[in-house]
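See structure below.
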Amino acid sequence: MSSQIDHLLNEDRRFAPSPEFAASAIADADLYARAAEDRLGFWADHARDLHWHTPFTEVLDWSNPPFAKWFDDGELNVAYNCLDRHVEAGNGDRAALLWEGEPGDERRVTYAELTDEVKRVANVLEGLGVVAGDRVAIYMPMIPEAIAAMLAVVRIGAIHSVVFGGFSADSLRARIDDAGAKVVITADGGYRKGKVSALKPAVDQALSDRGAGVQETVEHVLVVRRGENEVDWTDGRDIWWHDAVPAASADHDAPALPAEHPLFILYTSGTTGKPKGILHTSAGYLTQAAFTNRVVHDIHPESDVYWCTADVGWITGHTYVTYGPLANGATQVIYEGTPDAPHPGRWWEIVEKYGVTVLYTAPTAIRSFMKIGRAVPQSFDLSSLRVLGSVGEPINPEAWMWYREIIGADSAPIVDTWWQTETGAIMVSALPGVTETKPGSAQAPIPGISIDVVDEQGRHVGNGNGGLLVVTEPWPSMLRGIWGDPERFVETYWEKFRDQGFYFAGDGARLDDDGDVWLLGRVDDVMNVSGHRLSTAEIESSLVAHEATAEAAVVGASDETTGQAVVAFVILKESYLAAHAPEGLAQQLRLWVGEQIGPIARPRDIYIVSELPKTRSGKIMRRLLRDVAEGREVGDTTTLADTAVMSVISAQVK
Ligand code: WTA
């Protein structure tokens, strides 16, 4: 990796946890030493924090790589670990979920109540003929029933496939068909941006437009009433939750299931058009989910109010809304709606109202709040916050500093957590009571995880150099495969470094002089300009560091002379525009990037736009921007949150 990224690495601000924080933190520096001494014994100890119906004797079976088995001869029940055991330990009255609907309605659900509900739903599903190994699709808004549904499915050994409620009927159909789901659990609709957004019609459509030769696998649709919008009904197939669940028995013994029993499938996009069904299994996944939630988010279940803003439709919502916090017996906030409904301070109002202590969110959200301005969060009492987490993409140092200063009162440690749908749980992160944090760096593998940064041949690059992020040893929450496609699993993640047996993450990274990790974005987003490698993340970071810029996306567009050229799409801050004319700004920004990084990084084109194309999880779809930058017809936009946005951008670019 060229020296162009040096400016990011010259970041020399450092933030150590306060002595008081360090003294009360769950994780101390000894964790690293214990894991280094006996990695498998370390994970076995953490696995034993769970309740086992049958204790395991074997920790890892890696005799047939890359197909790992963890704790293989043990048996447990994931839902029992998230629910019943807390009730049995006397914590049934503790709030599991502090739910806030977008219109302002609220529900406090205790561990006892959630356990009761899950047992009833488990009985309903069994009554519908769902047995262990069957697949159940879940397509729901962020309401307590979504979490109850997930836990009920896994309680009986069935496998859930949660499909984000913002996905279209077509995407839902593709996922139902790939998994061969027997039941779909949905709602009439949920609240988004002040209105009811219907869900049931998409399920109806997904189940009615069958392609030729596609076998109908869905037998029943279980429907929660939330939006109270009008819905069509198919007698015999459709069942109201409020008819079936309260009528079912609340007695249900959680069966013992093998440690490697499949837990869920979650679809994620890959390099090809067809989404991959990432498969996770039970004990290893839950072990790492619970452990990381405890040590990285520093969860003290008896006192913290934790809030992860992710939807359960994404891996972050699986691991850090449903499984991790509930396995730990934590109390968490769940919010149904969008951050700006009905006003731009909604999130901060929720933090104040519930006294949120630990907040876990994405850089894209932080940057949108920066764009609105600090006055909004500053009008709420955020003094309860003591740990701030970031996930999903590299967080540029400016956003990191803003998060710390404006949201965290310049004292809450920030944990920038790197991981993927495939890794199941956090892999690289600071520990908030231990690590001296650096704005923009995810820092170090968590205890028990072995990662490296290597060159194309799989050789360690050494401090001060860039390369590819790999995981060098199997880990408990690793994906076990791609549903129905073992070859694609091997080929996508294990082929590139087959000789070394490394997992290839698809991310570029660099080690600084201390050996800390800086993520540089997907390697498919790394550009090569005149033989120099440039990171999109780095140029974006530089653009965002300019006072005029709210958000930026950079792509490498093909260029006849230089191979690739840097093309940037920039959204300006409203506050800046109120005081300055936009004329000449694109040129100023070009020079700014040239100054910050070097002339080679100067974007060939900078387009000032009002929107960026984002998926529903907030990821920028650079592929579409590349189409615009290269003057091509814009490709498939179906996974965009707002499919109209590309015509707006194309018009602004012309
Ligand atoms: C990116 C989300 C930099 C990365 C949990 C990864 C990050 C992809 C970070 C996985 C981070 C996630 N810093 N990049 N802290 N966290 N990424 O599957 O490119 O939705 O490969 O999982 O997001 O995205 P996914």
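Order of listing sets the numbers, starting from 1, for every ligand and every atom in it. Positions are given from 1 along the sequence. What you see is a predicted model, and the numbers here were worked out from it, not measured in a lab.
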Would you please indicate if the ring centroids of Tyr503 and Tyr493 are separated by under 6.0 Å?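 Yes, they do, as the ring centres are separated by less than 6.0 Å.
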
Under 6.0 Å between ring centres: does that hold for Trp348 and Phe369?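 Close enough - the centres of the two rings lie under 6.0 Å apart.
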
Name the orientation class of the two ring planes belonging to Phe264 and Tyr323 (parallel below 30°, tilted from 30 to 60°, perpendicular beyond 60°). parallel

Measuring from each atom of ligand 1, which residues have a heavy atom under 4.0 Å away? Ile315, Thr316, Val391, Gly392, Glu393, Pro394, Asp416, Thr417, Trp418, Trp419, Gln420, Thr421, Asp507, Leu519, Arg522, Lys619

Between Ser617 and Thr615, is a side-chain hydrogen bond (donor to acceptor under 3.5 Å, both in side chains) present by the stated rule, with each step listed? CA-CA 5 Å; Ser617 64; Thr615 63; 3.1 Å; yes

Could you go through the side-chain hydrogen bond (donor to acceptor under 3.5 Å, both in side chains) check for Asp513 and Asn463 one step at a time? CA-CA 5 Å; Asp513 291 338; Asn463 291 358; over 6 Å; no

ring-ring contact (aromatic ring centres under 6.0 Å, His included) contacts touching residues 393-429 (sequence neighbours left out): Phe15-Trp400, Tyr320-Trp419

